[in-house]
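Structure first, then comments.
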Amino acid sequence: MSRAIIHQSQALRFTLRNTCQNTLHYRSIFTGTTGVKINHKNLNFDFKNLINCSQHNINLDNSNYNQHRNYSSHFTYVPDTVPSSEGETVRMNFYQAVNNAMDIALASDPTCVLFGEDVAFGGVFRCSLGLQDKHGKDRVFNTPLCEQGIVGLGIGLAVAGSTAIAEIQFADYIYPAFDQLVNEASKFRYRSGNEFNCGKLTVRAPCSAVGHGALYHSQSPEAYFAHTPGLRVVIPRGAITAKGLLLSCIRSNDPCIFFEPKVLYRSAVEQVPTKDYEIPLGKAEILVEGDNVTLIGWGTQVHVLREVAQLAQDRLNVSCEVIDLMSIQPWDYETVINSVKKTGRVVIAHEAPLTCGFGAELAATVQKECFLHLEAPIQRVTGFDTPFPHVQEPFYLPDKWRCLEGVRTVVEF
């Protein structure tokens, strides 16, 4: 049994030898990437949107691809839109929006530098593609495979007056840099009495489930860093928010950790404004207004909750309000509390494990501030207290059915 990973294109073609049996199913690996699972003895790989074998020639046009895409992941992506007053827009996916934000930052700030493992040729997710050619090798460059050194370099550059954008290749590998972030970056301003600071440091890291990442490429470590005063922690839900929030982080006067849900890199496609714009940090957004239950999430989980809100309306006749937190630290206390006081019921969902996940902080605050308004105990729908699994990933994730059961629980209490 083998799995070929093929990059999505307008016409995705593959051919199988006579020894191959029928295609079993399609599965999204990186969304925007299609996995074809087949039984065969011999298969030649060509990663330029093509697998070449010999006899059978099967074309997957857009209609066939779209027929299968709803089964390819645990969520259905809901794109954002912007009003025409925002000016010219261009179709971008998530990683292109990240690339565009960093391009703008490098072009507008001569002190800005971008660095990390494999960043010079575009990075494993292509987020920095073309930026070294455009801005030079002294401003966009590779580093050794040493996360502690990457963040330490970023702190030093920021203290010296540069704007530093450091990339950690996967959020799962940010832990060697934990001491630099928690004991150095977050405390630099405080311990120097504001004489020095590294506020111009932004650390980017791909995070969360991707479909096949298992325990070392699927983690959601936002709660570790939300516990640390002095750090901002931000997680966007799509291309438009990725560009605006990343530019805000880069220009913030506080060190920021910018987590990028990697399953969205190619699936999150939107009409993104071409202009230089920022989205305020520390502000949540109400995406769907409702009266009966407040649903709170961030990153990929927001799209799960939007589908849950529709399911709750259709199946339970329950009106749900969906909030995208966006900023984990500091989080938008006022928006959440006002929503819960209106609805009286809360479901919080995130991919990270249940124990000490950031949902626990939200639940504790809501319980304290909204106790007399609550009609039911707060529900948390999360990953489990286990390492992130591989083949069991669909059972681990807080999908729409688990979240819908959380809604049913608070409504029927």
Side-chain angles (χ1 to χ4, degrees), residues 171 174-175 178 181-183 185-187 190 203 205 207-209 219-237 245 249 252 254-259 261 280-287 293-302 304-305 320-374 376-386 388 397-398 402-403 406-407 409-410:
I174 202 170
Y175 305 118
F178 197 81
L181 288 164
V182 171
N183 275 333
S186 68
K187 298 174 173 61
Y190 177 81
V203 178
C207 70
S208 303
Q219 296 177 48
S220 299
E222 64 271 12
Y224 289 113
F225 298 101
H227 185 70
T228 304
L231 295 176
R232 289 183 180 268
V233 182
V234 179
I235 308 178
R237 68 175 177 271
L245 288 171
C249 285
S252 171
D254 299 304
C256 298
I257 302 178
F258 188 80
F259 287 119
L281 303 178
K283 295 292 183 182
E285 184 175 356
I286 298 175
L287 301 179
V293 182
T294 298
L295 306 180
I296 307 172
W298 49 89
T300 309
Q301 196 64 28
V302 169
V304 176
L305 294 180
C320 293
E321 184 150 289
V322 180
I323 297 178
D324 178 7
L325 212 57
M326 294 198 291
S327 285
I328 305 301
Q329 181 69 332
W331 61 282
D332 190 346
Y333 170 97
E334 183 177 354
T335 295
V336 170
I337 296 305
N338 288 342
S339 176
V340 176
K341 286 182 176 179
K342 176 177 69 171
T343 64
R345 301 173 182 87
V346 191
V347 177
I348 303 165
H350 56 71
E351 292 183 20
L354 175 70
T355 301
C356 295
F358 193 68
E361 174 63 26
L362 299 176
T365 303
V366 169
Q367 178 76 2
K368 177 177 181 290
E369 299 297 330
C370 305
F371 181 76
L372 297 179
H373 297 267
L374 289 174
I378 299 164
Q379 293 293 305
R380 287 184 289 156
V381 186
T382 70
F384 297 105
D385 290 334
T386 70
F388 199 103
L397 290 170
R402 288 178 58 200
C403 292
V407 173
T409 299
V410 297

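As the structure is a prediction and not an experimental result, all values here were calculated from the model. For reference, positions follow the sequence shown, starting with 1. No hydrogens, no waters, no symmetry mates; every other heavy atom, side chains included, goes into these values.
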Which heavy atom of [X] sits nearest a heavy atom of [Y], and at what distance?
| X | Y | result |
| --- | --- | --- |
| Leu281 | Cys256 | CD1-SG, 4.3 Å |
| Ala209 | Glu351 | N-OE1, 2.9 Å |
| Ile328 | Phe358 | O-CZ, 3.1 Å |
| Pro261 | Gly299 | CG-CA, 3.9 Å |
| Ala185 | Pro255 | O-CG, 3.6 Å |
| Lys187 | Val182 | NZ-O, 2.5 Å |

For [X] and [Y], does a side-chain donor sit closer than 3.5 Å to a side-chain acceptor?
| X | Y | value |
| --- | --- | --- |
| Ser186 | Thr228 | no |
| Trp331 | Glu361 | no |
| Gln219 | Tyr224 | no |
| Ser339 | Glu321 | yes |

Could you check Phe258, Phe178, Tyr175 and say which one makes a ring-ring contact (aromatic ring centres under 6.0 Å, His included) with Phe225?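 Single ring-ring contact (aromatic ring centres under 6.0 Å, His included) partner of Phe225 among Phe258, Phe178, Tyr175: Phe178.
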Under the 3.5 angstrom rule, does the side chain of [X] hit a backbone N or O of [Y] as a donor-acceptor pair?
| X | Y | value |
| --- | --- | --- |
| Asp332 | Glu285 | no |
| Asp385 | Thr355 | yes |
| Gln301 | Pro398 | yes |
| Arg380 | Leu354 | yes |
| Arg402 | Thr382 | yes |

For the residue pair [X] and [Y], establish whether any side-chain heavy-atom pair is separated by less than 4.5 Å.
| X | Y | answer |
| --- | --- | --- |
| Ile257 | Leu231 | yes |
| Phe259 | Pro221 | yes |
| Lys283 | Thr335 | no |
| Leu305 | Leu287 | no |

Between atom [atom1] of [X] and atom [atom2] of [Y], what is the distance when rounded to the nearest 0.5 Å?
| X | Y | atom1 | atom2 | result |
| --- | --- | --- | --- | --- |
| Trp298 | Ile323 | CH2 | CD1 | 11.5 Å |
| Ile286 | Leu295 | CD1 | CG | 12.0 Å |
| His350 | Leu362 | NE2 | CG | 7.5 Å |
| Arg345 | Gln379 | CZ | CD | 12.0 Å |
| Leu397 | Cys403 | CG | SG | 10.0 Å |
| Glu369 | Leu374 | CD | CG | 11.0 Å |

Test log, rule side chain to side chain contact (heavy atoms under 4.5 Å, CB included), inputs Ile174 and Leu181: CA-CA 9 Å; Ile174 202 170; Leu181 288 164; 3.9 Å; yes
I would like to know whether Ile378 and Ile348 meet side chain to side chain contact (heavy atoms under 4.5 Å, CB included); could you show each step before the answer? CA-CA 8 Å; Ile378 299 164; Ile348 303 165; 4.0 Å; yes
Check whether more than 12 heavy atoms from other residues, nucleotides or ligands sit under 6.0 Å from atom NE2 of His373, and answer yes or no.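 Count over threshold, so yes.
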